[in-house]
Amino acid sequence: MRRLRKWLLRAGLLVVLLVVALGAPIVYVETACQGDASPRPYQALLAPEHHRAETRTLMTYPEWHIVHAYENYAEVIRTGAPHDFGFLRSIAGFWSSLCSVTERSSELGAIDTPTKQLVYVIGTSFTAELALKALYEETIGRLFVLLRGNQQSGFDRLTAEHAKDYATFLQQVPWYKWGFTEANAELHNTPTQNLRDRERRFSIG
């Protein structure tokens, strides 16, 4: 029973640390990136009832940072290895760009709560995803690349194709409409040729 309590305590501490780590960028943006400019009045020339707040347009930029990050990742693994991609740099780029546009928005008015929530949710999930990928690709993934050698495996090329298709898909369609099931099925139905293929099937699938 004492051992169970010890493991529960450790698990609880880990959860707290994860929440703090993922929440820290949001706290930073909310406290250090608000700007001090006074909003400038603006009157829409046509159909003011359908006028979209300038801050909402400005706050779409971080979303495009994510799209372009996936494009960059696809290009990196097309000829290189996943650990060559700047995972942490992409995470930092998202939050620094969000900080900049949040400061800039102070001249245009307050950012509405739903828009803030959306950007924070996608930023947090993007951060968690890339942090987990970095943890894996910089350790286990790097080891299997070393064992593989300089020549890409069939599954390296296949996952690079998937990454490119996904990046192109995100330019027009929300991520949750991507065919994850179909892509995963292709991974499992394609014969593996070597150890690297089996590792890619496991890690990506």
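Here, residue 1 is the first one in the sequence, and each next residue gets the next number.
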#### Entry: Donor-acceptor contact below 3.5 Å, side chain N189 vs main chain A185
yes
### Query
Would you say D84's side chain and A81's backbone share a donor-acceptor pair under 3.5 angstrom?
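Yes, the answer is positive, given that a donor and an acceptor are paired below the 3.5 Å cut-off.
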Neighbour count above 12 (heavy atom, 6.0 Å) for [X] [atom1]:
X: Y166; atom1: OH; answer: yes
X: K116; atom1: NZ; answer: yes
X: L143; atom1: CG; answer: yes

Got [X] and [Y] here, is their nearest side-chain heavy-atom distance under 4.5 Å?
X: T168; Y: E71; value: no
X: I122; Y: F126; value: no
X: V119; Y: F94; value: yes
X: E30; Y: Y120; value: yes
X: W178; Y: L170; value: no
X: H65; Y: L98; value: no
X: P62; Y: V101; value: yes

Say whether [X] and [Y] are linked into one hydrophobic cluster, either directly or through other cluster members, by side-chain heavy-atom distances under 4.5 angstrom.
X: Y28; Y: L22; answer: no
X: V67; Y: V173; answer: yes
X: L130; Y: V121; answer: no
X: V76; Y: L88; answer: yes
X: M59; Y: W175; answer: yes

Looking at every non-hydrogen atom in both residues, tell me the closest pair between [X] and [Y] and how far apart they are.
X: E199; Y: G141; value: OE2-CA, 4.2 Å
X: T102; Y: C33; value: CG2-O, 3.1 Å
X: V27; Y: T31; value: O-OG1, 2.7 Å

In Å and rounded to the nearest 0.5 Å, what is the [atom1] to [atom2] distance from [X] to [Y]?
X: T115; Y: L58; atom1: OG1; atom2: CG; value: 11.0 Å
X: H83; Y: E137; atom1: NE2; atom2: CD; value: 9.0 Å
X: N72; Y: I77; atom1: CG; atom2: CD1; value: 11.5 Å
X: I111; Y: Q117; atom1: CD1; atom2: CD; value: 12.5 Å
X: T190; Y: R200; atom1: OG1; atom2: CZ; value: 14.5 Å
X: Y136; Y: F144; atom1: OH; atom2: CZ; value: 6.0 Å

### Task
Provide the full list of side-chain hydrogen bond (donor to acceptor under 3.5 Å, both in side chains) pairs with a residue in residues 143-159, sequence neighbours left out, each pair given once.
R148-D156, S153-D156, S153-D197, D156-R196
### Task
If a pair satisfies side-chain hydrogen bond (donor to acceptor under 3.5 Å, both in side chains) and one of its residues is in residues 87-99, list it, with sequence neighbours excluded.
W95-T127
#### Entry: Y73 six-ring face occupied by K133 cation (under 6.0 Å, within 45°)
yes
### Query
With a 4.0 Å cut-off, would you call K177 and E182 a salt bridge?
no
### Message
Checking one residue: I204. Which other hydrophobic residues are in its cluster under the side-chain 4.5 Å linking rule?
### Response
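So far as hydrophobic clustering goes, I204 is joined with F155, L158, L187.
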